[in-house]
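Here's the structure, in structure tokens; my notes come after.
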Number of protein chains: 2
Amino acid sequence: MTRAGLTAERLTLAAAELADEVGFENVTVSALARHFRVRDASLYSHIRNAQDLRIRVALLALAELADRVAAALAGRAGKDALVAFANAYRDYAKRHPGRYAAMQQELDPETAAASAGPRHAEMTRAILRGYQLSEPDQTDAVRMMHSTFHGFVSLERTGGFRHHPRTADASWSRTLDALDTLLRTWPR
Amino acid sequence: MTRAGLTAERLTLAAAELADEVGFENVTVSALARHFRVRDASLYSHIRNAQDLRIRVALLALAELADRVAAALAGRAGKDALVAFANAYRDYAKRHPGRYAAMQQELDPETAAASAGPRHAEMTRAILRGYQLSEPDQTDAVRMMHSTFHGFVSLERTGGFRHHPRTADASWSRTLDALDTLLRTWPR
DNA sequence: GAACCAGCCTAACCCCATTAGGCAAGCGCT
DNA sequence: AGCGCTTGCCTAATGGGGTTAGGCTGGTTC
């Protein structure tokens, strides 16, 4: 018998791909085992349980997204940086809906701290360097930006913007304009 | 034997309460049957299946939220209306996390059209009457507002704002200020 | 080559979803 | 009142997914 050569990493990656294909809620230990032509129980030497698998996918996605955002941000500042960040974010969510859904899980504090979540926060703050905001305005602005991006992408994905002639792309573009204006004139 | 007196409405309401207590993802036909001290199969004369149950909870939540928002909005205009709307929204999400999660499901187009979703859109537009915006700016602004509210509430719930001295309440308040400013000076 | 160990397996158990088919309580009717 | 029908809940059975205990085996180590 040849071994399937399973590792936690391979399982996580396959789970992420599966999530993008069939939806995160349908990522199951059984489906993953079928993918590797292996028994369900065989996976339990690599992952603790189904929840552990989901968390691994979430961490993978957070790291990937942080990389893409970092790449998009390189060498840009001001509105340029804002738009690049936002588009990288939305793009990732569209290309990887399952991974994006995975990211929405609550992580326990230690896991969250060890994740790429803090990197996101740093990068968002970096954007704000182009807008001269000091604390606590900076924190408020970071939270609002993140809320807007996540909210938009999330509503777009659940179909909240359909049935209206105005395209989501157009509203997105205007939303970024509005955010830029807002950050430049952040109310004292 | 006394009957449990099940109806689709009672089931839906109990499911909503269960969702708020144990999380929407843990709302299960079995758990609901246990709640009524009844066999699982007994529920199937009232609901089509588990998915149907979830959709009913979502529709209930959408209607409840629309009612609360409508009440909050009564007699207010301008920033007053904006803040009242936003607080009613956030408040509902905090008080009813399970119901709020239920609302995030994708609804098929007919169901969505028959839901309270359109009422939300109308009310959001009503707020904008205080801000003189014409199409398509109005649509863009509605989408941005909704995104911000949903995004903020959603990030707050998944713990995105913990581990930082600045309270979520403070950032929320400033975010509403910012939105008000933004709507008053919406970039042409 | 003996011992080990990593990697996968079988077997077994539980929970949940769903369908088919039954029985009985209470209703409407004559 | 008594007849039947509908409604409401039941038993039984199937199948999927999650998880654990314990076993076999082939390659690695000394």
Side-chain angles (χ1 to χ4, degrees), chain A residues 1-60 98-99 101-102 104-108 111, chain B residues 1-60 98-99 101-102 104-108 111:
Chain A
M1 286 298 272
T2 47
R3 303 253 167 121
L6 304 183
T7 64
E9 287 66 36
R10 290 192 61 196
L11 287 177
T12 304
L13 193 56
E17 283 163 10
L18 190 59
D20 288 336
E21 284 163 24
V22 303
F24 183 62
E25 68 282 3
N26 297 316
V27 171
T28 180
V29 174
S30 300
L32 202 54
R34 275 194 293 275
H35 174 82
F36 286 103
R37 298 170 186 289
V38 139
R39 298 291 174 177
D40 294 10
S42 305
L43 303 192
Y44 286 86
S45 5
H46 305 282
I47 57 173
R48 198 203 307 280
N49 53 35
Q51 181 57 19
D52 177 45
L53 176 65
R54 289 185 208 108
I55 290 173
R56 284 172 188 270
V57 174
L59 295 179
L60 170 70
R99 284 163 159 100
Q104 309 313 320
Q105 288 176 113
E106 289 189 62
L107 299 178
D108 58 287
T111 309
Chain B
M1 286 297 273
T2 46
R3 305 256 166 121
L6 304 183
T7 64
E9 286 67 35
R10 288 192 62 195
L11 287 177
T12 304
L13 193 56
E17 282 162 10
L18 190 59
D20 287 336
E21 285 163 23
V22 302
F24 183 61
E25 68 282 5
N26 297 317
V27 171
T28 180
V29 174
S30 299
L32 202 54
R34 275 194 295 277
H35 174 82
F36 285 104
R37 298 168 187 288
V38 137
R39 297 292 173 174
D40 294 10
S42 306
L43 303 192
Y44 287 86
S45 8
H46 305 282
I47 57 172
R48 198 203 308 281
N49 52 36
Q51 181 56 21
D52 178 45
L53 177 65
R54 290 187 208 106
I55 290 174
R56 284 172 188 271
V57 175
L59 295 179
L60 170 71
R99 284 163 158 101
Q104 309 311 321
Q105 289 177 114
E106 290 188 61
L107 299 178
D108 59 286
T111 309

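Residue numbers begin at 1 in each chain, while the letters A, B, ... track the order of the sequences.
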- Under 4.0 Å between any heavy atoms, over every strand shown, what does Ser45(B) touch: base, sugar-phosphate, or nothing? Just pick one. base

Rounded to the nearest 0.5 Å, the OG1 atom of Thr12(B) sits from the CG atom of Leu59(B) at a distance of 9.0 Å

To the nearest 0.5 Å, atom CG of Leu53(A) lies from atom CZ of Arg48(A) at 12.5 Å

Taken to the nearest whole Å, OH/Tyr44(B) to P/dC10(D) is 14 Å

Could you check whether any side-chain heavy atom of Val27(B) comes within less than 4.5 Å of a side-chain heavy atom of Leu32(B), counting everything from C-beta outward?
no

Rounded to the nearest 0.5 Å, the CZ atom of Arg54(A) sits from the CG atom of Asn49(A) at a distance of 8.0 Å

Whole-Å distance, His46(B) NE2 to dA17(C) C1', equals 17 Å

From CG of Leu11(A) across to C1' of dA6(C) the rounded distance in Å is 15 Å

d(Ile47(B) CD1, Ile55(B) CD1) to nearest 0.5 Å is 11.5 Å

Determine whether Leu18(A) and His35(A) satisfy the following criterion, side-chain contact (heavy atoms from CB on, under 4.5 Å), listing intermediate values before the conclusion.
CA-CA 9 Å; Leu18(A) 190 59; His35(A) 174 82; 6.0 Å; no

Interatomic distance, CD@Glu17(B) vs CG@Asp20(B), rounded to 0.5 Å, equals 8.0 Å

Leu43(A) atom CG is separated from dC8(C) atom C1', nearest whole Å, by 10 Å

Rounded to whole Å, the CG-C1' distance (Leu6(B) to dT7(D)) equals 12 Å

- request: Using modelled atom types only, decide if a donor and an acceptor are shared between the side chain of Gln105(B) and the backbone of Ala58(B) within a distance under 3.5 Å.
  value: no

Distance col, row Glu9(B):CD vs Arg56(B):CZ, nearest 0.5 angstrom, shows 7.0 Å

Residues of residues 14-21 of chain A with a heavy atom under 4.0 Å from any atom of DNA chain D, listed by number, are none

To the nearest angstrom, the CG-P distance between Asp40(B) and dC10(D) comes to 10 Å

Separation of dG16(D) atom P from Glu25(A) atom CD, nearest Å, is 19 Å

In 5'-to-3' order, the base (B), backbone-only (S) or no-contact (-) status of each nucleotide in nucleotides 10-15 of chain C, using a 4.0 angstrom heavy-atom cut-off, is B-----

In whole angstroms, the gap separating C1' of dT18(C) from CD of Gln51(B) amounts to 14 Å

